[in-house]
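Lettering of chains follows the sequences in order, A, B, ..., and the numbering in each one begins at 1.
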Protein chains: 2
Amino acid sequence: MTDTAPGTASRTPTRRYGTRPTMKDVAARAGVGLKTVSRVVNGEPGVTPDTERRVQEAITALGFRRNDSARILRKGRTASIGLVLEDLADPFYGPLSRAVEEVARAHGALLINGSSAEDPEREQELVLALCARRVDGLVIIPAGHDHRYLAPEMAAGVATVFVDRPAGRIDADAVLADSFGGSRDAVAHLIAHGHRRIGFIGDLPGIHTAAERLRGYHAAMSEAGLPVHDAWVSLGPTDPERVRTAATAMLDAAEPVTALFAGNNRVTVTVVRVLAERPPAAPVALIGFDDFELADLLSPGITVIAQDSAQLGRTAADLLFRRLDGAGGDPRRLVLPTRLIPRGSGELPPPATP
Amino acid sequence: MTDTAPGTASRTPTRRYGTRPTMKDVAARAGVGLKTVSRVVNGEPGVTPDTERRVQEAITALGFRRNDSARILRKGRTASIGLVLEDLADPFYGPLSRAVEEVARAHGALLINGSSAEDPEREQELVLALCARRVDGLVIIPAGHDHRYLAPEMAAGVATVFVDRPAGRIDADAVLADSFGGSRDAVAHLIAHGHRRIGFIGDLPGIHTAAERLRGYHAAMSEAGLPVHDAWVSLGPTDPERVRTAATAMLDAAEPVTALFAGNNRVTVTVVRVLAERPPAAPVALIGFDDFELADLLSPGITVIAQDSAQLGRTAADLLFRRLDGAGGDPRRLVLPTRLIPRGSGELPPPATP
DNA sequence: CCCGGCGCTGACAACGTTGTCCAGGGGCTA
DNA sequence: TAGCCCCTGGACAACGTTGTCAGCGCCGGG
């Protein structure tokens with residue numbers, strides 16, 4: 001289309017809007033071969049300084065930028081990894097996402113991410129879209145419980161690491177926090193401060209971490225020889241209304257709980273609100289799973305089981321890139337420890353029994 | 001390589017690890033032409049139900065998944081947009097990022113994002129990497145002040161919308177919050193409650209929003225006929241140490257400020273901590289720019305200038321896709337309003353003068 | 001002076017998909 | 001029964017890049 005004969009005076013090659021110059025255009029303008037341009041663009045050796053200069057000039061003049069789609073097609077590797085999580089807006093996932101990004105960056109890879117909104121179908125849709133893009137690897141915080149759909153992809157070489165929750169019905173690497181241990185510690189802590197009737201408000205029971213935390217709760221109670229009433233356990237969505245209802249019911253029962261263990265971030269925040277509205281005369285002890293900003297500035301400060309979400313992401317991404325670098329071996333399951341941070345709310349004693 | 005003759009009994013085609021089946025393989029297995037497979041995969045009309053079934057079977061049997069790199073190369077559109085922000089881990093950007101993602105999803109596009117860490121060079125590096133990937137559009141929260149490097153890309157058809165801060169040295173769409181107006185409101189609010197010596201602790205002066213907020217501060221002060229001491233204004237990085245030092249200096253001066261206006265989220269949080277450590281006898285009024293979770297549960301609740309970061313992201317993404325759908329016209333600058341939410345900390349009176 | 005080798009360059013195929021175009025067959029109409 | 005059109009299917013080129021390989025000078029040694 002454009003006249004590329006060397007003699008022609010075409011200082012400003014008129015290009016259609018949306019059409020970008022290619023290596024061919026650069027080559028024509030610089031009066032060199034296609035491959036030479038490729039060599040310059042990729043910093044390969046074997047190009048005379050003078051030739052390189054000519055090519056560079058043509059690149060700048062035309063505003064050429066390599067088309068990575070073509071490059072990827074040719075090379076087979078995309079230098080990008082996918083991250084599928086539940087909700088980017090959740091403060092728990094921000095640092096995790098950022099940590100994965102940093103590791104990716106250190107390996108020269110880009111990060112493509114998406115939110116599953118805790119919907120298994122959407123998770124699958126996203127994951128497969130990423131596979132179609134031929135991401136080199138995947139970090140997944142799973143929403144569903146059946147990941148057999150991933151088997152062909154993994155067999156085809158897509159490295160995959162699950163985070164926060166394990167994969168369902170397939171064998172895959174996973175990096176988890178010690179939900180069970182953390183929860184047992186939390187409840188044991190409340191028991192040590194004299195509580196006997198302890199409520200647990202958690203996430204949907206289908207979510208692995210929620211189930212593990214419930215298990216930790218039961219373990220601590222039974223280790224202390226304490227019974228657990230059905231009414232003391234409430235699992236469900238973490239929207240404020242549900243949590244508010246559950247908490248109120250436990251606190252206003254005939255035999256009210258004297259302490260609450262909140263199964264995650266969002267539950268804790270809602271419980272804090274509920275407690276703030278109640279008479280301060282009868283304070284209720286509270287421990288939350290997950291740390292959150294300003295937890296120490298509330299009065300009382302909120303005692304939490306902290307898990308380092310950035311560390312979780314970093315560990316997962318590291319493992320992913322080790323796999324990509326060829327590390328073999330069976331799928332591994334890494335469990336990161338949690339840490340109880342006492343701040344006051346978890347150390348409140350139960351009210352004196354009448 | 002693999003024997004694809006129809007008669008051969010190859011139920012499990014042995015493929016090299018990392019080699020994926022292509023449409024050619026599917027076509028051979030189904031005994032149809034290449035293009036027919038393409039038609040089935042893309043749901044194009046003109047395929048007999050029987051043929052379609054055969055193709056589908058071959059696809060499942062081989063575990064075929066379309067290679068989007070090749071597709072993109074051929075079609076020219078990537079159905080993906082890039083988002084460059086400062087730090088994914090910052091709670092201000094989580095909802096923004098999520099909102100952009102939702103809009104992208106509604107348009108069938110994927111989101112590739114990266115953090116600039118407030119480093120102009122890294123911003124440029126990221127943006128250009130995204131351009132090389134041929135993203136259809138870009139949403140940028142700029143770190144630098146010179147975006148001329150983007151001109152060739154935009155000329156080549158990459159739609160670009162700046163958010164939170166305008167572009168530098170080029171003309172481009174931008175979606176901003178009303179930093180100036182919000183800040184003026186905040187400071188006027190403090191003045192209305194009797195304050196005369198008001199401190200401002202903000203972000204680096206090079207950041208557009210920081211400069212605008214400072215301007216709002218000055219406007220409110222001068223509209224009230226109040227002088228501004230140099231010692232009352234401190235701009236700089238938002239790390240806790242710097243902010244702590246600045247706040248302490250203003251509060252412990254010979255003529256201490258009686259109220260503080262914090263220029264953003266992170267500054268506010270640090271200031272809250274500083275104030276919490278001081279004697280409660282002489283409370284200091286505080287208004288922060290940006291709302292944050294639990295601001296209402298602190299005592300006193302923290303009065304803030306709220307900007308809806310999700311709305312910011314949604315608006316920007318909407319504008320981006322309108323541009324991608326062909327909406328022309330000059331670059332637009334949209335300014336979203338802010339809202340003062342009184343919660344107590346901004347309504348504290350100054351201590352009685354002796 | 002000739003030959004081997006090395007440093008530089010370019011022609012060409014291939015990556016996997018989609019758009020264009022054409023062929024063959026079957027059904028419908030005149 | 002001839003003619004036409006539509007429906008289905010396939011061959012082929014093109015997208016922009018990179019890997020392979022071959023060619024062309026030029027230099028140094030024999």
Handout entry: R20(B) CZ to dC15(C) P, straight-line distance once rounded to whole Å
Key = 16 Å
Exercise for the section: Select one nucleotide: of dT18(C), dT17(C), dT17(D), the one nearest the side-chain heavy atoms of S38(B). Expected result: dT18(C)
Problem - Pair D50(B) + R53(B): basic N to acidic O under 4.0 Å - result: yes
Exercise for the section: May I ask you to say whether R98(A) pairs ionically with E102(A), meaning some side-chain N is under 4.0 Å from a carboxylate O? Expected result: yes
Practice task
Please state whether the base of dG10(C) and the side chain of R39(A) form at least one donor-acceptor pair under 3.5 Å?
Solution key: yes
Exercise for the section: Examine dG9(D): is either OP1 or OP2 under 4.0 Å from a nitrogen or oxygen in the side chain of T36(B)? Give yes or no. Expected result: no
Practice task
Nearest whole angstrom, please: distance from the P of dT17(C) to the CD1 of I72(B).
Solution key: 12 Å
Fill in the blank from the handout: d(R20(B) CZ, R66(B) CZ) to nearest 0.5 Å is 12.5 Å
Handout entry: Distance test, side-chain N/O of R71(B) to OP1/OP2 of dT18(C), below 4.0 Å
Key = yes
Fill in the blank from the handout: To the nearest angstrom, the CD-P distance between E52(B) and dT8(D) comes to 11 Å
Exercise for the section: Indicate, with a heavy-atom threshold strictly under 4.0 Å, whether K75(A) touches base, sugar-phosphate, or nothing. Expected result: sugar-phosphate
Practice task
Check if the side chain of K35(B) and the base of dG19(C) share a donor-acceptor pair of N or O atoms closer than 3.5 Å.
Solution key: yes
Practice task
Could you please name the option among dG9(D), dG10(C), dG19(C) that lies closest to any side-chain atom of V47(B)?
Solution key: dG9(D)
Exercise for the section: For T51(A), report the nucleic acid contact type (base, sugar-phosphate, nothing); a contact means any heavy atom under 4.0 Å. Expected result: sugar-phosphate
Exercise for the section: Could you check if a side-chain atom of L62(B) sits within less than 4.5 angstrom of a side-chain atom of V26(B), using non-hydrogen atoms only? Expected result: yes
Completion exercise
Here the distance between atom C1' of dG19(C) and atom CZ of R77(B), to the nearest Å, is 18 Å
Exercise for the section: Taking only the side-chain heavy atoms of A70(A) (C-beta and beyond), determine which of dT17(C), dT9(C), dT17(D) contains the nearest atom. Expected result: dT17(D)
Exercise for the section: Starting at atom CZ of R54(B), determine the distance to atom P of dG9(D), rounded to an integer number of angstrom. Expected result: 8 Å
Exercise for the section: Using the closest heavy atom to pick a nucleotide of DNA chain D for each, name whichever of R134(B) or G31(B) lands nearer the 5' end. Expected result: G31(B)
Problem - Between dA14(C) (P) and L73(A) (CG): distance, integer Å - result: 14 Å
Practice task
Describe the nucleic acid contact of V32(B) in one word from base, sugar-phosphate, nothing, applying a heavy-atom distance below 4.0 Å.
Solution key: sugar-phosphate
Exercise for the section: Take the protein atom CG of N67(B) and the nucleotide atom C1' of dA14(C), then report the distance between them rounded to whole Å. Expected result: 14 Å
Practice task
Considering just the side-chain nitrogens and oxygens of T48(A), establish if one lies under 4.0 Å of OP1 or OP2 belonging to dT9(C).
Solution key: yes
Completion exercise
To the nearest angstrom, the CD-P distance between E44(A) and dG7(C) comes to 16 Å
Exercise for the section: Tell me yes or no: between the side chains of D87(B) and S115(B), is some donor less than 3.5 Å from an acceptor? Expected result: no
Exercise for the section: Report which part of the nucleic acid D68(B) touches: base, sugar-phosphate, or nothing (heavy-atom distance under 4.0 Å, all strands). Expected result: nothing
Problem - Distance (rounded to the nearest 0.5 Å) between R74(B) CZ and L73(A) CG - result: 12.5 Å
